[in-house]
Amino acid sequence: MDDGKPVWAPHPADGFQLGTIVDIGADSLTIEPLKKGKAFVSSLSQVYPAEDDVNKHVEDNCSLMYLNEATLLNNVRVRYSKEKIYTFVANILIAVNPYYDIPKLYSPETIQKYRGRSLGTLPPHVYAIADKAYRDMRVLKMSQSIIVSGESGAGKTENTKFVLRYLTSSYGTGQDIDERIVEANPLLEAFGNAKTVRNNNSSRFGKFVEIHFNEKNTVVGGFVSHYLLEKSRICRQGPEERNYHIFYRLCAGASEEIREKYHLSSPDTFRYLNRGCTRYFASKDSDKQILQNRKSSEHVKAGPLKDPLLDDQGDFNRMSDAMKKIGLDDSEKLDLFRVVAGVLHLGNVDFEETGSTSGKEGHT
Ligand SMILES: Nc1ncnc2c1ncn2[C@@H]1O[C@H](COP(=O)(O)OP(=O)(O)OP(=O)(O)O)[C@@H](O)[C@H]1O
């Protein structure tokens with residue numbers, strides 16, 4: 001490293017910073033930052049060689065001249081600044097959450113482009129991974145798995161949905177089974193996702209999604225196993241967090257008839273909701289469509305929560321349609337809403353102690 005070329009050295013806030021080596025100790029180096037700043041000493045094991053041109057990026061981290069923690073991070077960062085959120089590390093894909101829609105990144109034309117193309121022939125994309133898994137399944141005649149992992153809010157749920165959409169639209173039958181597989185998601189998210197401080201649409205359960213193919217390698221079905229649902233959220237949430245979306249969607253979007261039948265009111269009237277955030281997700285326009293008596297005083301005061309992908313009232317209607325598409329009839333739908341309303345009312349039940357609290361005669 002001591003050839004006068006810049007190196008990556010630790011930085012307290014940015015992870016790494018560029019500098020040059022000005023002194024070499026037994027197991028430490030003295031680094032002078034390229035940007036303004038005092039020279040500092042860093043352990044030898046934490047200093048990494050930098051690429052000749054740190055502003056150049058590559059599609060696959062394996063193509064870097066020096067592959068280390070710092071060059072990998074810098075490559076991903078330079079790509080992100082150019083709206084390239086995906087980067088390969090051989091057949092692993094790194095995705096950085098952009099938190100906004102990148103035009104045409106997931107369009108039907110892009111799906112078409114990736115169909116049947118080998119990994120590495122097109123820019124890194126989650127579609128490339130989905131297609132590789134599909135082609136390996138065909139060639140090896142064995143089930144394939146895609147593991148999606150990352151911290152909360154990293155984009156796992158969204159990327160999993162892109163994989164499902166890719167497989168069903170590229171290798172589906174074009175019949176309603178494709179739609180049913182994709183439409184299962186709004187339903188799962190209504191009951192298993194909630195607003196947390198880190199993610200407005202955080203999945204509070206793990207899922208193992210299976211896509212089944214027939215001998216002609218066409219999608220014929222799917223199966224979702226779920227595990228470890230955060231059950232405690234039903235009874236209590238943090239002050240900035242919410243319960244599962246379904247409760248707010250039912251309060252905001254249900255017809256007057258359903259509201260009356262199940263004695264629904266605004267979220268702040270329910271104990272299972274009013275210890276957390278009781279605002280709905282809505283846009284400026286959709287907020288106007290929600291009747292005043294459905295809104296909590298917190299919502300009226302502070303206005304709706306904003307998220308481009310969430311809208312409680314509209315999502316209720318989308319979820320209702322999704323239920324129909326996956327095969328639930330109207331009476332099954334009503335049964336489901338009845339159970340959800342029942343949970344809210346259960347939270348409002350008061351228990352009173354009567355008689356002795358220690359002996360058998362104690363009643364509640
Ligand atoms: N590729 C993307 N393009 C645009 N926005 C995205 C993308 N990926 C994620 N997002 C945004 O980031 C939010 C969080 O992503 P997501 O819910 O997929 O995270 P997650 O990793 O599944 O989190 P959790 O573990 O909390 O469920 C999404 O609701 C969406 O607004």
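Numbering of residues begins at 1 and proceeds along the displayed sequence. Whatever order the structure lists them in is the order used to number ligands and atoms, beginning at 1.
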Nearest protein heavy atom to atom 30 (C) of ligand 1, by residue and atom, and its distance?
-> L309 CD1, 3.5 Å
At what distance is the nearest protein heavy atom to atom 5 (N) of ligand 1, and which residue and atom is it?
-> N97 OD1, 3.9 Å
So which bit of Y106 gets within less than 4.0 Å of ligand 1, heavy atoms only: side chain, backbone, both or neither?
-> side chain
Report the nearest protein non-hydrogen atom to atom 22 (O) of ligand 1: residue, atom name, distance rounded to 0.1 Å.
-> T157 OG1, 2.4 Å
Does any N or O in the side chain of Y166 come within less than 3.5 Å of the main-chain N or O of A128, such that one atom is a donor and the other an acceptor?
-> no
Do we see a donor-acceptor contact under 3.5 Å between the side chains of E189 and Y244?
-> no
Proximal atoms of ligand 1 relative to N201 (non-hydrogen, under 4.0 Å) | 17 (O)
Check if G150 has a non-hydrogen atom at a distance under 4.0 Å from any atom of ligand 1.
-> no
Inspect the contact between R338 and D335 and indicate whether a charged nitrogen and a carboxylate oxygen are less than 4.0 angstrom apart.
-> yes
Taking C-beta and beyond as the side chain, do T269 and N274 meet within less than 4.5 Å on heavy atoms?
-> no
Ligand 1 atoms nearer than 4.0 angstrom to some heavy atom of S202 are 24 (P), 26 (O), 27 (O)
For atom 19 (O) of ligand 1, find the nearest protein heavy atom and state the residue, atom name and distance (0.1 Å precision).
-> G155 N, 3.1 Å
Check whether any N or O atom of I85, backbone or side chain, sits under 3.5 Å from an N or O atom of ligand 1, and answer yes or no.
-> no
Can you find a side-chain donor-acceptor pair between S107 and T110 that sits under 3.5 Å?
-> yes
Any non-hydrogen atom of E151 lying under 4.0 Å from ligand 1?
-> yes
Atom 4 (C) of ligand 1: closest protein heavy atom, distance to 0.1 Å, is Y100 O, 3.2 Å
of all protein heavy atoms, closest to atom 28 (C) of ligand 1 is E158 CG, 3.9 Å
Between D315 and R318, is a salt bridge (Lys or Arg N to Asp or Glu O under 4.0 Å) present by the stated rule, with each step listed?
-> CA-CA 5 Å; D315 288 340; R318 273 185 282 281; 2.9 Å; yes
Any ion pair linking E241 and R236 (charged N to carboxylate O, less than 4.0 Å)?
-> no
Using a 4.0 Å heavy-atom cut-off, say whether P98 meets ligand 1 through its side chain, its backbone, both or neither.
-> side chain
Distance from atom 14 (C) of ligand 1 to nearest protein heavy atom, with residue and atom = N199 OD1, 3.4 Å
Flag S152 as yes when one of its N or O atoms lies below 3.5 Å from any N or O atom of ligand 1, and as no otherwise.
-> yes
If you draw the axis of the six-membered ring of Y248, does the NZ or CZ of R242 fall within 45° of it and under 6.0 Å from the ring centre?
-> yes
Looking only at protein heavy atoms, what sits closest to atom 25 (O) of ligand 1 is K156 NZ, 2.8 Å
Under 30°, 30 to 60°, or over 60°: which ring-plane class applies to F213 and Y134, parallel, tilted or perpendicular?
-> tilted
Contact check: N159 vs ligand 1, nitrogen or oxygen atoms, below 3.5 angstrom = no
Is a side-chain donor-acceptor pair under 3.5 Å present for N74 with H57?
-> no
If a pair satisfies salt bridge (charged side-chain N to carboxylate O under 4.0 Å, His left out) and one of its residues is in residues 48-63, list it, with sequence neighbours excluded.
-> K5-D52
